[in-house]
Amino acid sequence: MREIIFEEFIASENYRLIFTYMWDFDQKSDWDYVEHVTNIFRKNGADVYYIELVAPQVIRLQRNVTENR
């Protein structure tokens, strides 16, 4: 589903997209997926930036109160 959204976005007149991904740096499959997604955008001439979101543990625990987290 996410790839369809990416492809549709690239075909549109839009020029900025921000999305999040929980990347497990120890998993080769995650590295492969991020490379795959990056290539979707780069093959269409887009710049790709990686940004790490960080928060102190106390804040993360406060946010982690539902089954969706």
Side-chain angles (χ1 to χ4, degrees):
M1 180 71 154
R2 194 175 256 206
E3 287 184 38
I4 293 169
I5 293 169
F6 294 155
E7 295 287 351
E8 291 294 321
F9 181 84
I10 291 167
S12 74
E13 297 290 323
N14 296 304
Y15 62 94
R16 290 188 181 138
L17 174 69
I18 297 173
F19 73 93
T20 60
Y21 179 72
M22 180 65 182
W23 186 349
D24 183 348
F25 294 124
D26 294 330
Q27 294 294 319
K28 183 177 180 333
S29 60
D30 278 13
W31 284 89
D32 293 343
Y33 177 73
V34 170
E35 182 178 4
H36 172 73
V37 170
T38 298
N39 288 335
I40 290 173
F41 289 93
R42 287 200 174 139
K43 75 179 180 185
N44 290 284
D47 293 324
V48 176
Y49 301 94
Y50 306 101
I51 299 169
E52 181 178 7
L53 303 176
V54 295
Q57 183 180 26
V58 66
I59 299 298
R60 294 192 319 262
L61 291 172
Q62 288 172 350
R63 294 176 180 170
N64 190 17
V65 295
T66 72
E67 65 277 0
N68 297 323
R69 301 290 288 183

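Quantities reported herein were computed from a predicted structural model and do not represent experimental measurements.
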Write down the atom of Asp30, the atom of Asp24, and the distance for their closest heavy-atom approach. OD2-N, 2.7 Å
Taking CD in Gln62 as the centre, count heavy atoms belonging to other residues, nucleotides or ligands within less than 6.0 Å. Is the count above 12? yes
To the nearest 0.5 Å, tell me how far [X] [atom1] sits from [Y] [atom2].
{"X": "Glu7", "Y": "Asn44", "atom1": "CD", "atom2": "CG", "value": "7.0 Å"}
{"X": "Glu35", "Y": "Arg42", "atom1": "CD", "atom2": "CZ", "value": "9.5 Å"}
{"X": "Phe9", "Y": "Leu17", "atom1": "CZ", "atom2": "CG", "value": "4.5 Å"}
{"X": "Arg63", "Y": "Arg60", "atom1": "CZ", "atom2": "CZ", "value": "9.5 Å"}
{"X": "Asp47", "Y": "Thr38", "atom1": "CG", "atom2": "OG1", "value": "11.5 Å"}
{"X": "Phe41", "Y": "His36", "atom1": "CZ", "atom2": "NE2", "value": "10.5 Å"}

For the hydrophobic clusters of this structure (ILVMFWY residues joined by side-chain heavy atoms under 4.5 Å, transitively), does one cluster hold both Val37 and Phe25? yes
Same cluster or not: are Val34 and Ile4 linked, directly or through other Ile, Leu, Val, Met, Phe, Trp or Tyr residues, by side-chain heavy atoms under 4.5 angstrom apart? no
Applying the ring pair (Phe, Tyr, Trp, His ring centres under 6.0 Å) criterion to Tyr21, which one of Trp31, Tyr33, Tyr50 satisfies it? Tyr33
Trace of the side chain to side chain contact (heavy atoms under 4.5 Å, CB included) decision for Ile5 with Phe19: CA-CA 11 Å; Ile5 293 169; Phe19 73 93; over 6 Å; no
